[in-house]
Amino acid sequence: MKIAMLLDQQSQLLVLDPKTISLFAAAGSLVWNETNENDIENARAILKDADIAVTSWGSPAFTPCLLDMAPDLKLVLHAAGSVKSIVTDELYRRGIRVVSSACVLSSGVSETALGLTIAACKNFFALNQEIREGKWSHTSITDLYDITVGILGMGIAGRHFAELLQSFSVNVIACDPLVSQEQMNLFHAEKVDLDTLFSRSDVLSLHAPIIESTHHIVNGRTLSLMKEGSILINTARGALVDEKALIEALQNGRLKYACLDVTDPEPPVENSPLRSLPNCILTPHLAGQAGNGLKKIGRHCYEELVRYINGEPLKAEIIQNMLANIA
């Protein structure tokens, strides 16, 4: 079995550790991208006669020009999140299966969202500054007890976030038109409509994909529904939020905090008020996985390869009709 490692050298260093590489090597004959480039001609040479392909950020799309080099290609293991940049109609037409590592990234997203929720509710950020100024108080502290946490989007990350919240005595509400109340019950969440989500949440965490219907779903109207002193967490996509409206809500004190791991654009422009507002907490799009956590992605791809070889169900397969509703 030939395995085409199409991911460039930079991605290889990010997502593959020596143990994972040895496991892949034991499973088949590896052909590597030995460059930091992802041009189509290089990819054609690597993919020639391959049975399996491993891709990552920057890998080229599987156009007919590329696919014709591997008539026996059966599986693409994408060592990154969204597969939308690599999949094509032709890939699916040829019956080639695709696995995403979004589930691995999503666990980091939901864990980061929980961390930001605790830190913002406990008022870590302002109290840290107070102590540096010689003060000592318990100003504006809220524990995760008897408050309402809202979740916008109950995909992989939203569901995991709901699972993590079960360790706390909070009320969980969620909005997702594609998820029924019966499915919500599995995560101890109450299904609500969009306006109810915004109006009832003490903390609102965004986990929706960016599609036409979700662009700027956090805007002046929906922000006006939020409680005074509520908290907005965004570890999903920056374009979910109308930043002009968010800045106004932060400046007028409607929001206690906005904790943003993502912005639009990234990073925020140099003179953006988001950079200077004390109640806007920014992190550099690190929620998914970062540092050593990225190595989980490569191991996940290998584990999916083993399931494929053994004829077992794939845990993270992306079929074509899923594309319209995922990031």
Side-chain angles (χ1 to χ4, degrees), residues 109-110 112-126 140 142 144 147-155 157-158 161-162 165 170-177 179 189-269 271-283 285 287 327:
V109 167
S110 49
T112 300
L114 177 61
L116 291 170
T117 297
I118 294 170
C121 284
K122 285 279 196 177
N123 207 21
F124 286 178
F125 310 110
S140 191
T142 302
L144 266 65
I147 64 171
T148 298
V149 180
I151 304 173
L152 178 61
M154 284 291 278
F161 184 55
L165 289 171
V170 298
N171 307 306
V172 179
I173 61 175
C175 177
D176 190 320
V179 179
E190 176 190 352
K191 181 178 174 71
V192 298
D193 62 28
L194 187 68
D195 285 4
T196 302
L197 182 78
F198 277 85
S199 63
R200 283 180 51 190
S201 296
D202 297 292
V203 179
L204 175 55
S205 189
L206 307 182
H207 296 283
I210 267 296
I211 54 179
E212 185 177 354
S213 61
T214 61
H215 184 263
H216 285 189
I217 196 168
V218 180
N219 52 53
R221 188 192 73 81
T222 51
L223 285 167
S224 71
L225 300 174
M226 296 188 73
K227 299 176 183 179
E228 294 284 343
S230 54
I231 294 164
L232 179 72
I233 310 286
N234 189 8
T235 54
R237 290 290 183 265
L240 294 171
V241 179
D242 178 343
E243 290 187 356
K244 182 178 179 180
L246 176 62
I247 289 165
E248 183 177 344
L250 289 167
Q251 289 173 331
N252 66 25
R254 172 167 290 278
L255 296 183
K256 177 181 178 181
Y257 286 112
C259 300
L260 309 177
D261 185 56
V262 289
T263 56
D264 183 24
E266 288 185 354
V269 296
N271 62 347
S272 171
L274 296 178
R275 291 178 177 267
S276 57
L277 284 165
N279 54 347
C280 181
I281 308 303
L282 297 170
T283 53
H285 203 148

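In what follows, every heavy atom counts, from backbone to side chain, and hydrogens, waters and symmetry copies are set aside. Everything quoted here is computed from the prediction, not taken from an experiment.
Looking at every heavy atom in both residues, P209 comes nearest to L240 through O-CD2, 3.7 Å. Shortest non-hydrogen contact noted between M154 and A189 is CE-CB, 4.5 Å. For the residue pair L165 and V170, the shortest heavy atom distance occurs at O-CG2, 3.9 Å. Nearest approach of G238 to V262, heavy atoms of both residues: N-CG2, 3.5 Å. Residues T214 and I210 share a closest heavy-atom pair of OG1-CA, 3.4 Å. The minimum heavy-atom distance between C121 and I147, with the atom names listed, is SG-CD1, 4.1 Å.
Between L255 and L246 the shortest side-chain heavy-atom distance falls below 4.5 Å. In this structure, the side chains of V241 and D264 stay at 4.5 Å or more apart for every pair of heavy atoms. Between S230 and L204 there is no side-chain heavy-atom pair separated by less than 4.5 Å. Annotation: side chain of T117 is in contact with side chain of L144 (closest heavy-atom distance under 4.5 Å). Taking the side chain as every heavy atom from C-beta outward, D202 and N171 never approach each other to under 4.5 Å. With contacts defined as side-chain heavy-atom distances shorter than 4.5 Å, the pair H207/D176 does not qualify.
In this structure, the separation between CG on L282 and SG on C259 is 9.0 Å, given to the nearest 0.5 Å. Separation of atoms CD (Q251) and SG (C280) is listed at 10.5 Å; rounding is to 0.5 Å. L197 contributes atom CG, which lies 8.5 Å from atom CG of L206 (distance to the nearest 0.5 angstrom). Put simply, CD1 on I217 and CG on L152 are 5.0 Å apart, with the number rounded to the nearest 0.5 Å. Interatomic distance, N279 CG to L274 CG, rounded to the nearest 0.5 Å: 10.0 Å. Rounding to the nearest 0.5 Å places CG of L250 at 10.5 Å from CD of E243.
No donor-acceptor pair under 3.5 Å is formed between the side chain of N219 and the backbone N or O of D242. K227 contributes a side-chain N or O that, together with a main-chain N or O of R200, makes up a donor-acceptor pair within less than 3.5 Å. E248 places no side-chain N or O within donor-acceptor distance of the main-chain N or O of G220, the cut-off being under 3.5 Å.
Using the six-membered ring where Trp is involved, F125 and Y257 have ring planes that are perpendicular, over 60° apart on the 30 and 60° scheme.
Residues forming a side-chain contact (heavy atoms from CB on, under 4.5 Å) with S224 (at least two apart in sequence, or on another chain): none. With sequence neighbours excluded, the residues satisfying side-chain contact (heavy atoms from CB on, under 4.5 Å) with N271 are V269.
Atom NZ of K122 is surrounded by 12 or fewer heavy atoms from other residues, nucleotides or ligands within 6.0 Å.
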Check the pair T112 / I233 against side chain to side chain contact (heavy atoms under 4.5 Å, CB included), numbers first and verdict last. CA-CA 10 Å; T112 300; I233 310 286; over 6 Å; no

Checking side chain to side chain contact (heavy atoms under 4.5 Å, CB included) for the pair F161/V109: CA distance, chi angles, key distance, verdict? CA-CA 8 Å; F161 184 55; V109 167; over 6 Å; no

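Donor-acceptor pairing under 3.5 Å is lacking for the side chains of T235 and D261.
Comment: D195 engages R221 in a salt bridge, judged by a side-chain N to carboxylate O separation of less than 4.0 angstrom.
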